Number of protein chains: 2
Amino acid sequence: MKLGEGVEAAIHCAAMLAGVEGAATMPGAAMAEAFGLSPSYLLKHLNALTASGILESVPGPSGGFRLARPAERITLLDIVLAVEGREPAFRCGEIRQRGPARLDASAYVKPCGISVAMLKAERAYRAALAESRLSDIVADYMSDADPRSVAANCAFVERHQRPQKSSSTKQA
Amino acid sequence: MKLGEGVEAAIHCAAMLAGVEGAATMPGAAMAEAFGLSPSYLLKHLNALTASGILESVPGPSGGFRLARPAERITLLDIVLAVEGREPAFRCGEIRQRGPARLDASAYVKPCGISVAMLKAERAYRAALAESRLSDIVADYMSDADPRSVAANCAFVERHQRPQKSSSTKQA
DNA sequence: TTATCGTGGATAATTTTTATCCGCATTAGG
DNA sequence: CCTAATGCGGATAAAAATTATCCACGATAA
């Protein structure tokens, strides 16, 4: 059982985007630089977040990414599912009916008890992730982390965020 | 996030072994046949269960595998960890300190909040798995599943289990 | 003594993950 | 209008993990 590295990157990016002001955006290349990641591959994950409605993207110069909704309404589960896909980690292959002494299909209408138990545990996992809001992550970071780190991150965001032309959306 | 197919196989095998009487064993080849799996590869997973102390193995003709302790004291977590390894699914790569503006190491003594949140969810997952006992799985199967399936499985176990020479261990 | 079985290592096939690249559409700024 | 910066999507490749097979070996029941 393993989570791809993209999950870590995606969450860090989302947390960083939570720091950009108003409708401003931050280019994917800047975030790749901030975390020492390959820009082209990070874009793949950011695209996944965009496709899931977690991020918004703006093309063109001074384009980039921003959160599609307030950090209060983005959970770690949202991000994990966007990057890793919505399928459960445990996939029942119905090997119970793959043996040589196969019965009629009507003998297997009830779901496999093993699958039920595994999926139940996975619901607990997702429930816990759903309780972690991005805003909590950011708030804890701001209050708990080393002040130097916080300052450095804020400076980075300040330096790389791109204000947007006044569209109808809110402006900081 | 994906679990290997070996987990499903391992749990089904363990559940089947819960049905063998006393100190009797069941050969890996029989279980591979029962579930339509490649015998050589299934053996790998059964070995992992043996190495973790979940199964016992007996070499020689009329050898095979049996549970190393009562099914009441084997949980799904035991099996999942044995097959998938004990490492958490989320591994913090500390990408927060991999950017170009690295700070002193002392700025990163506190664990990354993202990692903390992810690991907390994983503890919930494992706790849920730890509450599923193999004996529960088997009991539910016996009472809920289609009687034809139960009968077929019992017959299979009956046919393939190998009684052991009277060692000091209990005998059915 | 022989045949059956688990053990462990080596190896290969397959799939997934990670990563790179290029052409395209969009758009801010001159 | 032109240019350059940026995201988007697809194709492709490199790397790693998973899945699968095989063989030589030790153990042991018959």
Side-chain angles (χ1 to χ4, degrees), chain A residues 1-10 13 17 23-33 35-52 55-66 68 83-85 87 89 91 93 95 160-167, chain B residues 1-10 13 17 23-33 35-52 55-66 68 83-85 87 89 91 93 95 160-167:
Chain A
M1 171 163 169
K2 262 172 31 185
L3 248 44
E5 294 178 7
V7 173
E8 184 182 9
C13 287
L17 289 175
T25 64
M26 172 167 287
M31 293 189 274
E33 185 199 355
F35 298 119
L37 300 168
S38 103
S40 10
Y41 190 43
L42 178 62
L43 261 289
K44 286 274 196 298
H45 297 310
L46 295 176
N47 285 342
L49 294 180
T50 305
S52 296
L55 302 186
E56 281 173 356
S57 65
V58 177
S62 90
F65 297 89
R66 66 177 161 238
V83 174
E84 291 280 316
E87 287 186 6
R91 295 141 300 165
I95 66 175
H160 288 93
Q161 71 179 340
R162 313 280 186 84
Q164 294 302 299
K165 282 192 96 160
S166 64
S167 69
Chain B
M1 172 165 169
K2 262 171 31 185
L3 249 45
E5 296 179 4
V7 173
E8 184 183 8
C13 287
L17 288 175
T25 65
M26 173 168 286
M31 294 189 275
E33 184 199 355
F35 298 118
L37 300 168
S38 102
S40 9
Y41 190 44
L42 178 62
L43 262 287
K44 285 276 195 300
H45 296 311
L46 296 176
N47 284 342
L49 294 180
T50 305
S52 296
L55 301 186
E56 281 173 356
S57 64
V58 177
S62 89
F65 297 89
R66 67 176 160 238
V83 174
E84 292 279 314
E87 286 185 6
R91 293 141 302 164
I95 66 175
H160 288 92
Q161 70 180 340
R162 312 280 185 85
Q164 295 300 299
K165 281 191 97 162
S166 64
S167 70

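Everything quoted here is computed from the prediction, not taken from an experiment. Naming convention: chains lettered A, B, ... in sequence-line order (proteins, then strands); numbering from 1 in each chain.
- The OG1 atom of A/Thr25 lies 11.5 Å from the CG atom of A/Leu55; values are rounded to the nearest 0.5 Å.
- Contacts between residues 39-48 of chain B and DNA chain D, defined by a heavy-atom separation below 4.0 Å, involve B/Ser40, B/Tyr41, B/Lys44, listed by number.
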### Task
Would you mind building the protein contact string for nucleotides 24-30 of chain D? One character per nucleotide, 5' to 3', B for base within reach (heavy atoms under 4.0 Å), S for sugar-phosphate only, - for untouched.
---BBB-

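- Taking A/Glu56 as the reference, A/Arg66 meet the side chain to side chain donor-acceptor pair (under 3.5 Å) condition, with sequence neighbours excluded.
- Along DNA chain C, the nucleotide closest to B/Pro27 and the one closest to A/Gly6 are compared, and the more 5′ of them pairs with B/Pro27.
- To the nearest 0.5 Å, the span separating CE on B/Met31 from CG on B/Leu43 amounts to 8.0 Å.
- Taking 4.0 angstrom as the limit, A/Ser38 places a side-chain polar atom (N or O) nearer than this to OP1 or OP2 of C/dT20.
- With sequence neighbours excluded, no residue forms a salt bridge (charged side-chain N to carboxylate O under 4.0 Å, His left out) with A/Glu33.
- Under the side-chain contact (heavy atoms from CB on, under 4.5 Å) criterion, B/Ser38 pairs with B/Ser40, B/Tyr41, not counting sequence neighbours.
- Taking NZ of B/Lys44 as the start and CG of B/Leu46 as the end, the distance is 11.0 Å to the nearest 0.5 Å.
- Per the geometry, CD belonging to B/Glu8 stands 17 Å off P belonging to D/dT18, to the nearest Å.
- The side-chain heavy atoms of A/Lys2 and B/Arg91, taken from C-beta on, include a pair separated by under 4.5 Å.
- The CG atom of B/Leu17 lies 8.5 Å from the CZ atom of B/Phe65; values are rounded to the nearest 0.5 Å.
- A/Glu56 places its CD atom 14 Å from the C1' atom of D/dG7, with the value rounded to the nearest Å.
- The distance between atom CG of A/Leu3 and atom C1' of D/dA17, rounded to the nearest whole Å, is 15 Å.
- Residues forming a side chain to side chain donor-acceptor pair (under 3.5 Å) with A/Gln161 (at least two apart in sequence, or on another chain): A/Glu21.
- For the pair B/Leu37 CG and D/dT18 P, the computed distance is 18 Å after rounding to whole Å.
- The distance from atom NZ of A/Lys2 to atom P of C/dT17 is 9 Å, rounded to the nearest whole Å.
- Here the P atom of nucleotide D/dT18 and the CZ atom of A/Arg91 are 11 Å apart, to the nearest Å.
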